[in-house]
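I'd like to ask some things about the structure below.
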Amino acid sequence: MVDCDNCASTMWRFLVKSLTVHKDPEIGLVKLIKKKSACSSLRTHSARPGSRAGGLSRRCPPLPAGPPNGRLLLRTSSSSTGGGADTKLAVDFGKQAQKEGRVECDSSVREVVQSTKEAMVALQRRNPAVQPLLAIVQAGEDDILLEAHKEMAGKIDLNIIQICLAKDCTEDEIVEEVLKLNEDSRVHGVYLHLPPASLTSRVLNTLKAEKDVDGISDVNIGRLVRGDLSKGFVPPIASAVLDLLEKHGEFAQKEFVPILNNLCILYNVVHSYSRWLQEQQYRPWRLRSLKLQPMTPVPSDIEISRAQKPKSMNQLAEEIGLLPEELEAYGRNKAKVQLSLLDRLHTQPDGKYVLVAGITPTPLGEGKSTVTIGLVQALSAHLKFNSFGCLRQPSQGPTFGVKGGAAGGGYAQVIPMEEFNLHLTGDIHAITAANNLVAAAIDARMLHEATQSDKALFNRLVPTVNGVRRFSPIQISRLRRLGINKTDPATLTPQEVTSFVRLDLDPSKITWQRVVDTNDRFLRKITVGQASTEKGQIRETGFDIAVASEIMAILALADSLLDMKNRLARMVVGTSRSGQPVTAEDLGVSGALAVLMKDAIKPTLMQTLEGTPVFVHAGPFANIAHGNSSVLADKLALKLVGRDGFVVTEAGFGADIGMEKFFNIKCRASGLRPSVVVLVATVRALKMHGGGPNVSAGAPLPKEYIDENLGLVADGCYSNLRKQIQIAHLFGVPVVVAVNVFKTDTKAEIDLVCQIAKECGASDAVPCHHWAKGGQGCLDLAKAVNEATITPGNFQFLYNIEMPIVEKIRTIAQKVYGADDIELSPEAKAKIDYYNQQDYGSLPICMAKTHLSLSHMPDKKGAPTGFILPIRDVRASIGAGFIYPLVGTMSTMPGLPTRPCFYDIDLDPITEEITGLF
C-alpha cells in the first residue's frame, strides 16, 4: 500500500484518528500535509478506490421491487449512459466549485466517478439484474446527506434507502436497526450518519464488517492498520484526502473532500456487492479429516462415538462451501441447511450419484448404513474426493425395539450417535403433530356436521368479524374445486352453502389414522368417540408408526417448500358418502400442516467419525413406504460435492424393495439418475438363502453361520445375490458388490462371494472392513465405485407410468419378485376401478411387502419362483404421489418383542452420559 511499512502504519493510524473519528477534512488536510512533508515516501496504490472493477460472471437474482423491511426505497434513474454521463457529473461539480472559487480538484472526482461506473458496468454486463443497495441510518429526518448521494447514485444505477430514527434514539434502537440490515441480503452497504456520541463501540461492532462501507468498525480499522484490504474497506474520507494529496499536494482543496467522500462510499457499496457475488459462487472444499485410531477388539458403538470429538457445525459448513446464513445450528453437533442453497448453486454441475442397496436381509440387518458411511469416509478422508452421505432419520420404534439405531456401527458411524438416534432435530415429532392434527380435524368435522344445520355450520365456518364476513383463502380454493366462482359469502345459494359446508365423510371409508413413533401393538385397532361429549360419534380406527405416515413420504419426495405444501393439500383422507375423495385442503388444514413442517423440510447436517459430511433427512420404511432418504438432501449434496464428487445414499431393506422404489418412485420425482449401485451382501445372509437355518434377533447364531460352509455360501450367491444383481440391471445401472465382513467369515467364503458376484454380472466385488478399520477398510470399494462411474450407464425405468395400475403391479411382481402372476382380491379390484375413475391411474406403484423374502412369504428364502403374488388391498397416497398395493398381511404398526432394546438403555444422572444404545 505504501513504500515504507513503518510510514504506512504510522500514516494510517494518524489518518484513522484524524478522519474516521473526527471526520474533519480541514484538520485532516492540514495535519496530513505536515506529516507528508516529513515522509516523502508516502505513495498510495491499491488502497485508492477505483483500482479494480471486481465484476463477476454468475447470474444473480434481481432485488425485489419493494423496499426491504417495508422501508422507503429511493432509486434515482440515469438520464444518460457512458462516459458522457460521468463527464457531465464532473462538469456539474466543476461549475459549482468554480462558482465558489474551487476548481482545482475536479480530476479526482472524475476518476472516482469513472472507476465506480466501470465497476457497475462490469457487474451489470455479467449480471443484468444487479442493483447494489446502500442503507443510510440517521437520527432525525434531515435529507441533506440523502440528496448529496442521489444524483451520484443515479449515474451509476445504485439504490439508496434512508432509515430515519428519532433524534433522541437510544443505543438499543440503533443496534436493533443495524442487526436487521446485517441480515437483509438485499443491503450491500450501511452508512451510519449519526452524531459522534451515538457511534459507540457497541454500535460500530454490531455492524457487519462486510457491510461497513464507511470503514469505521473495529474489524475494518484493524484490517486497515494491518494493510489487509482483501475483505475490509478504506474509510471513504481517508481515501478522499489521500487522493487529493497525491494529485495536488499542498494545493488540495478541503471543500472537495465531502464530494469525494460520498463518491467513495458509493464505490465501496459497489465493491461490497461484487464481493457478495463472489461469495455466492461455488467454493472448493477444504475438508479436514478427523483421525481414527481403531482399537482391537472393537469397542461398543457408543464408546467409539464418544471417543471422537466432532468438528463444530460452523467449521464443517465452511469446509464444504456453505455460507453462514445457510446454516441453522441445533446445538454444536447438528444443523439444518437452508434450501436457498439450491438457488445459489443452480448452475453448479451435479456430482456422481451412488445408491447403496442390499440382498434380502436376515432379521439382524446386513449393514447398508455402515457400508454407506465407510464408503464416504474412504472417498473423502483417504481418496480425497468430495463426498457426502445421505441417510434416513431412524424411528424410535426400532431404536427401543429390536433392531437398535441406524447411525452405522464400529468405526463407520455418524456422530454423535446418541443425537442421531434420539430426536435429532425433531422432524419425526413435527410429522407426528401434523398427522394427528389431520386426524383430529376429521373427527371434529364429522361431529359438527352430524350435530348442526347447514346454516349453523356456515355461520361458524365463515364468521362475521367486525361486521364483515369473508372466506379465507383455503375456503375460496374449496369453492373453486366445487365449481363455485364466488367470493362474497352473501351470494351463495342454499344448495351452494350445503355443498360448501358438508364434506359428508363416510366413517367406514376414512383411510387416515393417527400415528406415534413407538412400537405399540395395542394401538393397531382402537375405538374413538366413546365419551358422552362426542354424542355417539363412535368409530373404529387405529394407529400407525409415525414413519408410515403419508406426511413422511411427502417430506422425502418434495423438492421445495411449495411442492410440499401442494402435496399436503392433495392428501386424501377418506371418501364422502357420494364417493368423492376428501382432501386435507377440503378440511381446511393444509396451510397449518405446512406451518408445522416448514423446518422439517430442511435436511440436517452431521458428520462421520472421520469428519465427512452427512445429510440426515426423512425416514420412511421400505416395506410399508418407499424407504429412501429425501430428494432434497440428495439434491443439496450433489450440488455441494461438485462435478467430480460423490453422493452416497441408501435404500431400505433388499434391492427388490428399497432399490426398486428408489428407481421407480424417487428418481421419477427428483429427475436424478444414479451412476452405480453398491449391493451389500454378508456371508451369513447368503448362507441363510443357501438353505441355512432361520436367524432370529436376540438368539445365538446356529453353528452353520459360525463355521465355514462354502456350499451354503455358493447356493445363496447363485440364488439371492444373482437375482438382486439382475434386478439392478433391469434399470441399466452397473453393480458393485460390497461384502460386509464379519469376524466369523473365512477368507475362502469371502473370496467365493466375490468370485460368484462377478460371474453373475457385477462390475466388481470387494470385501469391506469398515466396521473394524473405518474408511481405510473401504478403500477397495471406493476405488471400485469410482471405476464403475467412469462408463456412463443406460438408466431406464421398469415400467411406463401410463400403463394400467394392474399391469404395473404385475410387471413388478414378475420381473422383480419372480412371481408367475398376481391375484387381486375383490376389494383390490374395486379400489383400482375407483382410482381409475378419479384419474389416479398414472401414479407409480409402491408395493407394501415383507422384506424377508423376494416373495410374499417371509420363510421362502433364496429366489423363489412359481408363486402367485396375492394383492389383498390397494390404497393411494395421492399427496406423496403413489399407489400402494398391500401384499399379504402387512402391519403398519410394529410390536415390541419379549426383551426390547430399552432394557439396556440407561442414563448416568451425574455425567448425563447415555449407555446401551447401539
Side-chain angles (χ1 to χ4, degrees), residues 330 334 336-337 355-358 361 365 368-370 372-373 389-408 413-414 417-435 515-519 543-558 564 567 596-597 599-606 614-634 636-637 648-653 657-659 661-662 665-666 669-670 846 848 851 877 879-880 882 884 892-894 901 917:
Y330 279 65
K334 52 189 182 291
K336 289 283 192 181
V337 174
L355 174 68
V356 175
K368 292 190 305 300
S369 296
T370 59
T372 299
I373 297 164
C390 290
L391 299 174
R392 290 174 294 165
Q393 179 184 353
S395 163
Q396 288 181 181
T399 299
F400 293 103
V402 175
K403 187 173 177 289
Q413 290 189 59
V414 178
M417 65 92 76
E418 54 266 58
E419 293 187 31
F420 179 96
N421 287 314
L422 300 173
H423 306 296
L424 198 64
T425 48
D427 294 355
I428 292 180
H429 300 313
I431 289 166
T432 301
N435 185 100
V515 299
V516 64
D517 195 33
T518 303
N519 291 359
F543 272 76
D544 297 330
I545 194 162
V547 292
S549 170
E550 183 176 356
I551 297 176
M552 174 62 86
I554 287 172
L555 178 68
L557 291 171
M564 182 182 72
R567 287 173 179 266
L596 286 171
M597 294 294 295
D599 291 321
I601 196 173
K602 304 166 192 172
T604 299
L605 178 67
M606 294 189 76
V614 172
F615 275 138
V616 188
H617 200 215
F621 284 170
N623 54 351
I624 55 179
H626 74 285
N628 286 271
S629 62
S630 77
V631 165
L632 280 169
D634 291 357
L636 289 170
V648 184
T649 190
E650 175 206 355
F653 294 128
I657 298 182
M659 185 185 72
K661 294 171 182 177
F662 172 87
I665 297 176
K666 185 175 180 180
S670 69
C846 181
H851 61 288
S877 291
F882 52 72
Y884 64 102
T892 52
M893 170 56 82
C901 296
L917 277 178

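Sequence positions, counted from 1, serve as the residue numbers for this chain. It should be emphasised that the depicted structure is a prediction, and the values quoted were computed from it without experimental measurement. Excluded from the calculations below are hydrogen atoms, water molecules and symmetry mates; all remaining heavy atoms, backbone and side chain alike, are included.
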**Asked** Within the distance-only criterion (no hydrogens, no angle test), does the side chain of E550 pair as donor or acceptor with the backbone N or O of G879 below 3.5 angstrom?
**Response** yes
**Asked** Between F621 and R392, which heavy-atom pair has the shortest distance, and what is it?
**Response** CA-NH1, 4.2 Å
**Prompt:** Taking all non-hydrogen atoms of both residues, which atom of A651 and which atom of K368 are closest, and how far apart?
**Reply:** O-CE, 2.9 Å
**Prompt:** Just how far is it from atom OG of S877 to atom CD1 of I554, taken to the nearest 0.5 Å?
**Reply:** 8.0 Å
**Item:** Contact check, side chains of H617 and K602, non-hydrogen atoms, under 4.5 Å
**Value:** no
**Asked** To the nearest 0.5 Å, how far apart are CD1 in I431 and OG in S549?
**Response** 6.5 Å
**Asked** Is the H851 ring parallel, tilted or perpendicular to the F653 ring (thresholds 30°, 60°)?
**Response** parallel
**Asked** Please walk me through it: do L422 and F400 pass side-chain contact (heavy atoms from CB on, under 4.5 Å)?
**Response** CA-CA 10 Å; L422 300 173; F400 293 103; 3.7 Å; yes
**Asked** Going through the distances and angles, do R567 and L557 end up as a side-chain contact (heavy atoms from CB on, under 4.5 Å)?
**Response** CA-CA 10 Å; R567 287 173 179 266; L557 291 171; 4.0 Å; yes
**Item:** Which atom of I373 lies closest to which atom of A407, heavy atoms considered
**Value:** CD1-O, 3.2 Å
**Message:** Nearest 0.5 angstrom please: F543 CZ to T518 OG1, how far?
**Reply:** 10.5 Å
**Request:** Hey, could you give me the OG1/OH distance between T604 and Y330, rounded to the nearest 0.5 Å?
**Result:** 7.5 Å
**Prompt:** Nearest heavy-atom pair of N435 and I551: which atoms, and what distance?
**Reply:** N-CD1, 3.5 Å
**Asked** With side chains defined as the heavy atoms from C-beta onward, is the minimum distance between L555 and L632 less than 4.5 Å?
**Response** no
**Validation row: T425, K336 side chains within 4.5 angstrom (heavy atoms)** = yes
**Asked** With a 4.5 Å limit on heavy-atom distance, are the side chains of K666 and T649 in contact?
**Response** yes
**Worked check of side-chain contact (heavy atoms from CB on, under 4.5 Å) between L917 and T399** = CA-CA 8 Å; L917 277 178; T399 299; 3.9 Å; yes
**Asked** With a 4.5 Å heavy-atom cut-off, do M552 and V515 have their side chains touching?
**Response** no
**Exercise: identify the closest heavy-atom pair between P603 and L636** = CG-CD1, 3.5 Å
**Request:** Would you please test F615 and S630 for side-chain contact (heavy atoms from CB on, under 4.5 Å) and show each step?
**Result:** CA-CA 9 Å; F615 275 138; S630 77; over 6 Å; no
**Prompt:** Do V614 and T372 have side chains that get closer than 4.5 Å, going by heavy atoms?
**Reply:** no
**Message:** Nearest 0.5 Å, please: how far is CD in Q396 from CG in L424?
**Reply:** 10.5 Å
**Item:** Contact check, side chains of S629 and D634, non-hydrogen atoms, under 4.5 Å
**Value:** yes
**Sub-4.5 Å side-chain heavy-atom contact between V516 and T432** = no
**Request:** Find the distance between CG (L355) and CZ (F662) and round it off to the nearest 0.5 Å.
**Result:** 4.5 Å
**Item:** Exercise: identify the closest heavy-atom pair between P398 and C901
**Value:** O-SG, 4.3 Å
